[in-house]
Undergrad: 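This structure is in C-alpha coordinates; I'll ask about it shortly.
Here is how names work: the chains are called A, B, and so on, in the same order as the sequence lines, proteins then strands, and each is numbered from 1.
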Amino acid sequence: MTDNNPESTARKSVLFLFTASPQRGTAARDGIDTLLAYAAFEQPVAVLFHGEGIWQLLPDQQPELAGRKSIYKALTALPMYDVNHIYIHERSLRQRGVQPRQISFDNAHYVSDDDMRALLRQHSLVLRF
Amino acid sequence: MVSFAVVVRGSPLAGQGAWAALRFCEAAVAAGHTLVRVFFHGDGVESANANRVLPQDEADLLPRWQQLHASASITPVVCVSSALKRGILDAREARRSGKLETLASFMEIGGLGQLIEATTMADKVVCFHDG
(Lines give C-alpha, C1' and ligand atoms only; values in the text may rest on other atoms or scores of the structure.)
Protein backbone atom coordinates (compact mmCIF):
# COMPACT_ATOMS: atom_id res chain seq x y z
CA MET A 1 0.00 0.00 0.00
CA THR A 2 2.77 2.39 0.91
CA ASP A 3 4.86 3.77 -1.90
CA ASN A 4 7.65 6.21 -1.25
CA ASN A 5 9.61 5.44 -4.37
CA PRO A 6 9.61 8.44 -6.72
CA GLU A 7 10.67 6.16 -9.59
CA SER A 8 7.39 4.34 -9.42
CA THR A 9 5.14 6.88 -11.08
CA ALA A 10 2.08 4.82 -11.92
CA ARG A 11 0.24 4.84 -8.61
CA LYS A 12 0.97 6.97 -5.61
CA SER A 13 -0.99 6.57 -2.42
CA VAL A 14 -2.70 9.86 -1.61
CA LEU A 15 -3.84 10.93 1.83
CA PHE A 16 -6.53 13.60 1.71
CA LEU A 17 -6.34 15.71 4.84
CA PHE A 18 -9.67 17.46 5.36
CA THR A 19 -9.25 20.35 7.78
CA ALA A 20 -11.87 22.87 6.64
CA SER A 21 -15.29 23.34 8.17
CA PRO A 22 -18.02 22.66 5.59
CA GLN A 23 -19.26 26.27 5.44
CA ARG A 24 -15.91 28.01 5.13
CA GLY A 25 -15.09 28.91 1.54
CA THR A 26 -14.99 26.09 -0.99
CA ALA A 27 -12.21 24.01 0.54
CA ALA A 28 -14.43 21.18 1.83
CA ARG A 29 -16.27 20.88 -1.49
CA ASP A 30 -13.01 21.12 -3.48
CA GLY A 31 -11.52 18.41 -1.28
CA ILE A 32 -14.34 15.94 -1.83
CA ASP A 33 -14.47 16.61 -5.57
CA THR A 34 -10.73 16.04 -5.80
CA LEU A 35 -10.86 12.91 -3.66
CA LEU A 36 -13.63 11.42 -5.80
CA ALA A 37 -11.69 12.27 -8.96
CA TYR A 38 -8.58 10.45 -7.68
CA ALA A 39 -10.76 7.49 -6.68
CA ALA A 40 -12.44 7.45 -10.10
CA PHE A 41 -8.96 7.31 -11.68
CA GLU A 42 -8.28 4.30 -9.45
CA GLN A 43 -5.55 5.96 -7.43
CA PRO A 44 -5.08 4.51 -3.93
CA VAL A 45 -6.63 7.07 -1.61
CA ALA A 46 -7.38 7.54 2.08
CA VAL A 47 -9.04 10.43 3.89
CA LEU A 48 -8.32 11.85 7.33
CA PHE A 49 -10.65 14.33 9.02
CA HIS A 50 -8.78 16.67 11.31
CA GLY A 51 -9.47 19.91 13.19
CA GLU A 52 -12.41 21.91 11.86
CA GLY A 53 -12.78 19.27 9.16
CA ILE A 54 -14.65 17.01 11.56
CA TRP A 55 -17.74 19.27 11.24
CA GLN A 56 -18.14 17.81 7.74
CA LEU A 57 -19.06 14.50 9.37
CA LEU A 58 -22.17 15.62 11.24
CA PRO A 59 -25.49 14.62 9.67
CA ASP A 60 -28.58 16.87 9.87
CA GLN A 61 -26.89 19.98 8.55
CA GLN A 62 -29.03 22.46 6.63
CA PRO A 63 -26.52 24.19 4.37
CA GLU A 64 -29.28 25.25 1.98
CA LEU A 65 -30.33 27.84 4.58
CA ALA A 66 -27.01 29.53 3.85
CA GLY A 67 -27.40 29.07 0.11
CA ARG A 68 -24.93 26.20 0.03
CA LYS A 69 -24.92 22.60 -1.07
CA SER A 70 -24.59 19.66 1.30
CA ILE A 71 -21.10 18.32 1.84
CA TYR A 72 -22.41 15.48 3.95
CA LYS A 73 -24.36 13.92 1.08
CA ALA A 74 -21.19 13.76 -1.00
CA LEU A 75 -19.33 12.13 1.89
CA THR A 76 -21.88 9.35 2.18
CA ALA A 77 -21.03 8.47 -1.44
CA LEU A 78 -17.42 7.62 -0.56
CA PRO A 79 -17.98 3.83 -0.24
CA MET A 80 -19.57 3.82 -3.71
CA TYR A 81 -16.25 5.12 -5.04
CA ASP A 82 -14.43 2.39 -3.09
CA VAL A 83 -12.98 4.93 -0.69
CA ASN A 84 -12.76 2.65 2.31
CA HIS A 85 -9.85 4.12 4.23
CA ILE A 86 -11.62 6.78 6.27
CA TYR A 87 -9.88 8.11 9.38
CA ILE A 88 -11.13 10.54 12.01
CA HIS A 89 -8.72 12.28 14.36
CA GLU A 90 -10.14 11.48 17.78
CA ARG A 91 -8.68 14.43 19.65
CA SER A 92 -10.20 16.84 17.11
CA LEU A 93 -13.60 15.40 18.00
CA ARG A 94 -13.05 15.61 21.75
CA GLN A 95 -11.77 19.19 21.54
CA ARG A 96 -15.05 20.18 19.91
CA GLY A 97 -17.33 18.19 22.20
CA VAL A 98 -18.45 15.85 19.44
CA GLN A 99 -19.14 12.24 20.39
CA PRO A 100 -18.37 9.37 18.01
CA ARG A 101 -22.02 8.28 18.30
CA GLN A 102 -23.06 11.57 16.64
CA ILE A 103 -21.20 10.44 13.55
CA SER A 104 -22.68 7.71 11.44
CA PHE A 105 -19.71 6.60 9.36
CA ASP A 106 -19.70 2.88 10.15
CA ASN A 107 -16.44 2.12 8.43
CA ALA A 108 -14.41 5.03 9.81
CA HIS A 109 -11.38 4.45 12.02
CA TYR A 110 -10.70 6.73 14.98
CA VAL A 111 -7.03 7.65 15.16
CA SER A 112 -4.68 9.08 17.78
CA ASP A 113 -1.93 11.66 17.24
CA ASP A 114 0.58 8.83 16.76
CA ASP A 115 -1.68 7.09 14.23
CA MET A 116 -1.99 10.38 12.38
CA ARG A 117 1.77 10.83 12.23
CA ALA A 118 2.06 7.30 10.85
CA LEU A 119 -0.60 7.98 8.20
CA LEU A 120 1.19 11.15 7.08
CA ARG A 121 4.42 9.17 6.77
CA GLN A 122 2.91 6.17 5.01
CA HIS A 123 1.38 7.96 2.04
CA SER A 124 3.43 9.17 -0.89
CA LEU A 125 1.39 12.35 -1.18
CA VAL A 126 -0.72 14.43 1.20
CA LEU A 127 -3.28 16.85 -0.20
CA ARG A 128 -4.81 19.19 2.38
CA PHE A 129 -8.12 20.93 1.92
CA MET B 1 17.14 17.97 -10.62
CA VAL B 2 13.61 17.51 -9.37
CA SER B 3 10.30 17.67 -11.20
CA PHE B 4 7.55 19.54 -9.36
CA ALA B 5 3.79 19.75 -9.62
CA VAL B 6 2.61 22.96 -8.00
CA VAL B 7 -0.95 23.43 -6.73
CA VAL B 8 -2.05 27.00 -5.99
CA ARG B 9 -5.09 27.27 -3.72
CA GLY B 10 -4.41 30.69 -2.22
CA SER B 11 -6.10 33.83 -3.54
CA PRO B 12 -3.78 36.71 -4.53
CA LEU B 13 -5.70 39.08 -2.25
CA ALA B 14 -6.00 36.83 0.81
CA GLY B 15 -2.87 35.32 2.34
CA GLN B 16 0.62 34.70 1.01
CA GLY B 17 -0.16 31.47 -0.85
CA ALA B 18 -0.50 32.89 -4.35
CA TRP B 19 2.70 34.92 -4.15
CA ALA B 20 4.67 32.17 -2.43
CA ALA B 21 3.64 29.80 -5.25
CA LEU B 22 4.81 32.22 -7.93
CA ARG B 23 8.14 32.84 -6.21
CA PHE B 24 8.62 29.10 -5.63
CA CYS B 25 8.08 28.41 -9.33
CA GLU B 26 10.47 31.20 -10.36
CA ALA B 27 13.11 29.88 -7.97
CA ALA B 28 12.63 26.27 -9.09
CA VAL B 29 13.06 27.18 -12.77
CA ALA B 30 16.07 29.40 -11.99
CA ALA B 31 17.69 26.48 -10.17
CA GLY B 32 17.20 24.21 -13.18
CA HIS B 33 14.31 22.14 -11.87
CA THR B 34 11.31 21.15 -13.96
CA LEU B 35 7.73 22.25 -13.42
CA VAL B 36 5.50 19.42 -14.62
CA ARG B 37 2.44 21.56 -14.06
CA VAL B 38 1.10 24.59 -12.25
CA PHE B 39 -2.52 23.96 -11.27
CA PHE B 40 -4.78 26.72 -9.93
CA HIS B 41 -7.57 25.41 -7.72
CA GLY B 42 -10.25 26.90 -5.45
CA ASP B 43 -9.65 30.58 -4.62
CA GLY B 44 -6.27 30.18 -6.34
CA VAL B 45 -7.96 30.64 -9.73
CA GLU B 46 -8.34 34.35 -8.96
CA SER B 47 -4.71 34.71 -10.05
CA ALA B 48 -5.86 33.79 -13.58
CA ASN B 49 -8.32 36.67 -13.92
CA ALA B 50 -6.93 38.98 -16.61
CA ASN B 51 -9.51 41.64 -15.74
CA ARG B 52 -8.15 42.52 -12.33
CA VAL B 53 -7.11 46.17 -12.22
CA LEU B 54 -4.70 46.96 -9.41
CA PRO B 55 -3.66 50.35 -8.04
CA GLN B 56 -0.30 51.41 -9.44
CA ASP B 57 1.52 50.90 -6.17
CA GLU B 58 0.34 47.30 -5.75
CA ALA B 59 2.28 44.46 -7.34
CA ASP B 60 0.54 42.29 -9.92
CA LEU B 61 1.53 38.66 -10.19
CA LEU B 62 0.02 38.01 -13.61
CA PRO B 63 2.94 39.58 -15.61
CA ARG B 64 5.34 37.42 -13.58
CA TRP B 65 3.41 34.24 -14.46
CA GLN B 66 3.41 35.38 -18.08
CA GLN B 67 7.17 35.84 -17.91
CA LEU B 68 7.51 32.30 -16.59
CA HIS B 69 5.25 31.08 -19.39
CA ALA B 70 7.48 32.81 -21.96
CA SER B 71 10.83 31.79 -20.50
CA ALA B 72 10.06 28.24 -19.32
CA SER B 73 7.11 27.22 -21.53
CA ILE B 74 4.81 26.78 -18.56
CA THR B 75 1.11 27.00 -19.36
CA PRO B 76 -0.71 27.11 -16.04
CA VAL B 77 -3.91 25.07 -15.85
CA VAL B 78 -6.95 26.52 -14.12
CA CYS B 79 -9.49 24.12 -12.61
CA VAL B 80 -12.69 24.42 -14.62
CA SER B 81 -15.22 24.10 -11.81
CA SER B 82 -13.32 26.50 -9.54
CA ALA B 83 -12.90 28.95 -12.41
CA LEU B 84 -16.44 29.08 -13.77
CA LYS B 85 -18.03 29.78 -10.40
CA ARG B 86 -15.63 32.70 -9.95
CA GLY B 87 -16.23 34.19 -13.39
CA ILE B 88 -12.92 33.08 -14.90
CA LEU B 89 -13.90 32.03 -18.43
CA ASP B 90 -11.89 31.19 -21.51
CA ALA B 91 -13.23 32.03 -24.99
CA ARG B 92 -15.12 28.76 -25.28
CA GLU B 93 -16.82 28.97 -21.89
CA ALA B 94 -17.60 32.65 -22.52
CA ARG B 95 -19.30 31.78 -25.80
CA ARG B 96 -21.22 28.96 -24.19
CA SER B 97 -22.55 31.05 -21.32
CA GLY B 98 -22.91 34.34 -23.22
CA LYS B 99 -20.55 36.07 -20.79
CA LEU B 100 -17.19 37.78 -21.01
CA GLU B 101 -13.83 36.09 -21.46
CA THR B 102 -11.65 36.78 -18.42
CA LEU B 103 -8.97 34.07 -18.37
CA ALA B 104 -5.38 35.24 -18.86
CA SER B 105 -4.47 34.43 -22.47
CA PHE B 106 -1.43 32.29 -21.61
CA MET B 107 -3.33 30.02 -19.22
CA GLU B 108 -5.76 27.24 -20.00
CA ILE B 109 -8.83 25.75 -18.37
CA GLY B 110 -8.63 22.07 -17.45
CA GLY B 111 -10.06 19.39 -15.23
CA LEU B 112 -8.98 17.50 -12.15
CA GLY B 113 -7.64 14.79 -14.46
CA GLN B 114 -4.77 17.14 -15.24
CA LEU B 115 -4.03 17.54 -11.54
CA ILE B 116 -4.02 13.76 -11.10
CA GLU B 117 -1.77 13.29 -14.11
CA ALA B 118 0.66 15.92 -12.80
CA THR B 119 0.85 14.58 -9.24
CA THR B 120 1.39 11.10 -10.65
CA MET B 121 4.27 12.20 -12.88
CA ALA B 122 6.09 14.68 -10.63
CA ASP B 123 8.79 13.75 -8.12
CA LYS B 124 7.35 16.25 -5.64
CA VAL B 125 4.00 17.94 -5.20
CA VAL B 126 3.88 21.31 -3.46
CA CYS B 127 0.60 23.00 -2.48
CA PHE B 128 0.20 26.65 -1.57
CA HIS B 129 -2.67 27.67 0.71
CA ASP B 130 -3.73 30.82 2.52
CA GLY B 131 -4.21 29.34 5.94
Undergrad: Could you tell me which portion of B:I116 (side chain, backbone, both or neither) has an atom closer than 4.5 angstrom to a non-hydrogen atom of chain A?
TA: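 For B:I116, heavy atoms of backbone and side chain both lie under 4.5 Å from chain A.
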
Undergrad: Which atoms of B:S3 are under 4.5 Å from chain A, going by heavy atoms: the side chain, the backbone, both sets, or neither?
TA: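 Looking at B:S3, nothing touches chain A.
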
Undergrad: So, are A:E52 and A:R96 salt-bridged, with charged N and O less than 4.0 Å apart?
TA: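 Looking at A:R96 together with A:E52, the answer is yes, because their closest N to O distance falls below 4.0 Å.
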
Undergrad: Got a salt bridge between B:R23 and B:E26, using NZ or NE/NH1/NH2 to carboxylate O under 4.0 Å?
TA: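 Salt bridge between B:R23 and B:E26, a charged N being under 4.0 Å from a carboxylate O: no.
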
Undergrad: With a cut-off of 6.0 Å (strictly less than), are more than 12 heavy atoms of other residues, nucleotides or ligands near CD of B:E58?
TA: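 Yes.
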
Undergrad: Among B:D43, B:L115, B:T119, which has the most heavy-atom pairs under 4.5 Å with chain A?
TA: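 Looking at each option in turn, the highest pair count goes to B:T119.
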
Undergrad: Would you say that more than 12 heavy atoms from the other residues, nucleotides or ligands in this model lie under 6.0 Å from the OH of A:Y81, or not?
TA: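 Incorrect, the count does not exceed 12.
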
Undergrad: What part of A:A20 gets closer than 4.5 Å to chain B, counting heavy atoms only: side chain, backbone, both or neither?
TA: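 No part of A:A20 comes within 4.5 Å of chain B.
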
Undergrad: Measure up the B:F106 and B:H69 rings against each other and bin them: parallel (under 30°), tilted (30 to 60°), perpendicular (over 60°).
TA: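 Taking B:H69 first and then B:F106, their aromatic rings sit tilted (interplane angle of 30° to 60°).
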
Undergrad: With a 4.5 angstrom heavy-atom cut-off, which part of A:F41 approaches chain B: side chain, backbone, both or neither?
TA: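 It is the side chain, since no backbone atom gets that close.
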
